[in-house]
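Quick caveat: nothing in here was measured; it's all calculated off a predicted structure. Here is how names work: the chains are called A, B, and so on, in the same order as the sequence lines, proteins then strands, and each is numbered from 1.
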Amino acid sequence: MTLRVYDSRRREKVEFTTLEAGKVKMYVCGVTVYDRCHLGHARCYIAFDLVHRWLEHSGYDVHYVQNFTDIDDKIITRAIDTGRDWQEIVATYIEAYYEDMDALNILRADAYPRCTDYVEKMNLITQSLIDKGNAYVADDGVYFHVDSAAEKYGQLTGQNIEAVLGGAGGRVTKTGLTKRDHKDFALWKSAKPGEPTWDSPWGAGRPGWHIECTAMSMDHLGEQFDLHGGGEDLRFPHHEAEIFQGECHSGISPVVTHWLHNGFVNIDGEKMSKSLGNFWTVNEILAKVDPHVLRLALVNAQYRSPIDMNEQLLGDAEKNYQRILSAYRDALKAWGGSALDTLTPLPEGDVDSPNQMLRSLAQMERYAEGFARAMDDDFNSREAVAKVLVASREIAKLLSGLDAQDSESCGHFATIWLEEFAGQVLGLLPSRETALAESSEDSARAGRIIEITGRVDELLVLREAARAGKDWSTADAIRDELKQMDVVVSDTAEGPVWDLAD
RNA sequence: GCACGGGUGACAGAGCGGCUAUGUGCGGGACUGCAGAUCCUGAUACCCGAGUUCAAAUCUCGGCCUGUGCUCCA
């Protein structure tokens, strides 16, 4: 099977290729660290986490670089507004970024370069662009002259210069102080009072936004690399600027083989924005739902589709997560952790067999193939999640009515299946220990359970006696009493089970 | 205006030439004192029109509707 990905530059699904066999050089635009991460960031970095994980699962050696933009107008504004030092703000939100992304089970990239460490390298590229006639020095900085490489314009958006001029009306005729042309973008911004500055051949100032990614990707990955990702809003102008800068500087095209852009997140059908008051930060959501649930909600969509986040979506994700988790728990219990060399080998699955176990084993193989096919088709994680869900159901069938030996072997098989696909690739499983714990809640909750277990068991014995005598009013009264203790009782075929209410 | 996406059952949303998507919700059943959970099972689709084809939700053309972007933004 071959992996196919949608390349925004060629605007079609293409076979995934690498410059060096077996190795993937991958760069994803990171955050500007001036505030907490919101749902859109979570979506983006989960999307590329999936790309990262699937490439590794497919056998590639992935080198993943993601930057932090640690100097920018928004950071300066935040510093002025809060009276804090800009570097302190940067440090705070870089830490917050790691906290949020770790919670979402996003694997760390191999490097997290910060743009302020690359000012000198950016300036070398800028100088080279000036030397080659692609950039010019103006009164308020250095600009890239887009018309110097007009054929590269609009490659990620399918637009051309005339079209944009025609459609944008009066807005684009306003140029900067000494910009030659409205399309030109800043490589270097001359110092303004009160702003942090660095030295450059063009005087004190700070770098423009686009040049940082060119400098950092080139430093870490070279003049050409395999995959560049980011939110779809970055296609234009940010990523087009990277094409201009990188390719004009190196003379090599294309700078990036595959451009991948993830879709946006809407809230209740509306664009997420601070002014609408529907701006959800990651840590706010994680105060309410399990990180795996949020992750599932976001993975349950192909990365290019927009996601409409709402209560129902989170509710569905919660239920689906419980289903997967419960299958995982059942599998772990059935296996029981027996050493692999003591397990009896499983027979070949057979869809047509009258034997349930053989049928289920065959089904599980099919779901595994379907999962891989889905991920190979431009990382269609939604389809992949569907396979995990049907497999979770199949696991219940597989594990029912087995003798002890088969149960261990099938339990192990199901455990490995889920850990490979739901765990390793989709990142949706907690640790074995957590899954096995009766509840995945924190230790305070566990402590509470231990504390009340004796009393609850006493009451349940009384209630069972009442039920046996068909004394329903007493039975219900006891259940009410347990409810006062936050205990929820469910009667099952194996007798009553209880848990703390959420 | 230009560009790029969409229009699938009650809802969300896959599939993109022949094969049950999936999940929630809904109906029936098992289990049930009640409640919940679970399991089994069922029903409801492919915007409109024309064309290509043995076969179209899937390809082509036209129409209608709709989302997003167009230098703050993941």
Next item on the list: Please report, rounded to the nearest Å, how far the P atom of B:rG13 is from the CG atom of A:N266.
Entry: 10 Å
Item checked: A:R4/A:D377 salt bridge by N-O under 4.0 Å criterion -> no
Next item on the list: Tell which nucleotide pairs with B:rU32, taking only Watson-Crick or G-U wobble pairs whose two distances are both under 3.5 angstrom.
Entry: none
Item checked: Between C1' of B:rU68 and CG of A:L234, the distance in whole Å -> 15 Å
Note to self: Of the options B:rA3, B:rG23, B:rA74, whose atoms approach the side-chain atoms of A:V265 most closely?
What the structure shows: B:rA74
Check: Nearest to the side chain of A:K397, which nucleotide is it out of B:rC40, B:rA74, B:rC72?
Finding: B:rC40
Notebook entry, point to check: Roughly how far apart, to the nearest Å, are B:rG33 and B:rU41 at atom C1'?
Noted result: 26 Å
Next item on the list: Report which part of the nucleic acid A:R9 touches: base, sugar-phosphate, or nothing (heavy-atom distance under 4.0 Å, all strands).
Entry: nothing
Note to self: My understanding is that a pair needs two contacts under 3.5 Å, Watson-Crick or G-U wobble. By that rule, which nucleotide pairs with B:rC72?
What the structure shows: none
Item checked: Rounded distance in Å between the C1' positions of B:rA3 and B:rA43 -> 42 Å
Check: How far apart are the C-alpha atoms of A:Y97 and A:V31, what are their side-chain angles, what is the distance that settles it, and do they pass the side-chain contact (heavy atoms from CB on, under 4.5 Å) test?
Finding: CA-CA 8 Å; A:Y97 174 86; A:V31 287; 3.6 Å; yes
Note to self: Give me the distance, rounded to whole Å, that separates B:rC16 from B:rG7 when you measure between the P atoms they each carry.
What the structure shows: 13 Å
Next item on the list: Let me know the distance between CG of A:L460 and P of B:rA35, rounded to the nearest Å.
Entry: 19 Å
Notebook entry, point to check: Sequence neighbours excluded, which residues qualify as salt bridge (Lys or Arg N to Asp or Glu O under 4.0 Å) partners of A:D70?
Noted result: none
Check: Should B:rC19 form a Watson-Crick or G-U wobble pair with both distances under 3.5 Å, which nucleotide is its partner?
Finding: none
Item checked: Presence of A:R11 side-chain N/O under 4.0 Å of B:rC4 phosphate oxygens OP1/OP2 -> yes
Next item on the list: Quick one: label A:V489 by what it contacts on the DNA or RNA (base, sugar-phosphate, nothing), any heavy atom closer than 4.0 Å.
Entry: base
Item checked: Under 3.5 Å on both distances, the Watson-Crick or G-U partner of B:rG27 -> B:rU41
Check: When the distance from CZ of A:R467 to C1' of B:rC31 is rounded to whole Å, what number comes out?
Finding: 12 Å
Next item on the list: Please report the C-alpha distance between A:Q302 and A:R382 in whole Å, then the side-chain angles of each, then the deciding distance to 0.1 Å, and finally whether the side-chain hydrogen bond (donor to acceptor under 3.5 Å, both in side chains) criterion is met.
Entry: CA-CA 6 Å; A:Q302 205 268 349; A:R382 185 180 180 93; over 6 Å; no
Item checked: Length of the CD-C1' vector between A:Q155 and B:rC70, whole Å -> 17 Å
Margin query: Could you tell me how far B:rG67 sits from B:rA30 if I compare only their C1' atoms? Round to whole Å.
Written below: 45 Å
Notebook entry, point to check: Looking at residues at least two apart in the chain, or sitting in another chain, which of them share a salt bridge (Lys or Arg N to Asp or Glu O under 4.0 Å) with A:R108?
Noted result: A:D102
Note to self: Measure CZ/A:F244 against C1'/B:rU71 and give the value in whole Å, please.
What the structure shows: 12 Å
Next item on the list: Assess the pair A:H210 and A:H239: is the distance between their ring centroids shorter than 6.0 Å?
Entry: no
Note to self: Can you check the distance between B:rU8 and B:rU66, where both ends of the measurement are the C1' atom (answer in whole Å)?
What the structure shows: 15 Å
Margin query: Taking the nucleotide of RNA chain B with the nearest heavy atom to each, does A:D72 or A:N300 sit closer to the 5' end?
Written below: A:N300
Item checked: Base-pairing assignment for B:rC4 (Watson-Crick or G-U wobble, both under 3.5 Å) -> B:rG67
Checklist line | Rounded P spacing from B:rA55 to B:rA21 in Å | finding: 22 Å
Note to self: Side chain of A:P237, heavy atoms from C-beta onward: which of B:rG33, B:rA74, B:rU71 has the nearest atom to it?
What the structure shows: B:rU71
Check: After noting the C-alpha distance and the side-chain angles of A:L294 and A:M309, does the key distance pass the side-chain contact (heavy atoms from CB on, under 4.5 Å) rule?
Finding: CA-CA 10 Å; A:L294 177 58; A:M309 183 56 71; 4.3 Å; yes
Checklist line | Reading 5' to 3' through nucleotides 15-22 of chain B, protein heavy-atom contacts under 4.0 Å coded B for base, S for sugar-phosphate only, - for none | finding: S-----BB
Next item on the list: Would you sort out whether A:V142 and A:L129 count as a side-chain contact (heavy atoms from CB on, under 4.5 Å), showing the intermediate values?
Entry: CA-CA 10 Å; A:V142 180; A:L129 290 170; over 6 Å; no
Check: What interatomic distance, in whole Å, is found between C1' of B:rC54 and the corresponding atom of B:rC11?
Finding: 37 Å
Next item on the list: Give a yes/no verdict on base stacking between B:rA74 and A:Y45: centres under 5.5 Å, planes within less than 30° of parallel.
Entry: no
Notebook entry, point to check: For A:R304 and B:rG69, what is the distance between atoms CZ and C1' respectively, to the nearest whole Å?
Noted result: 16 Å
Check: What integer distance in Å separates A:F264:CZ from B:rG6:C1'?
Finding: 17 Å
Notebook entry, point to check: What is the minimum heavy-atom distance between A:A297 and A:L314, and which atoms define it?
Noted result: CB-CD2, 4.2 Å
Item checked: Distance, P atom - from B:rC26 to B:rC46, rounded to whole angstrom -> 24 Å
Next item on the list: Provide the Watson-Crick or G-U wobble partner of B:rC61, both distances under 3.5 Å; none if there is no partner.
Entry: B:rG49
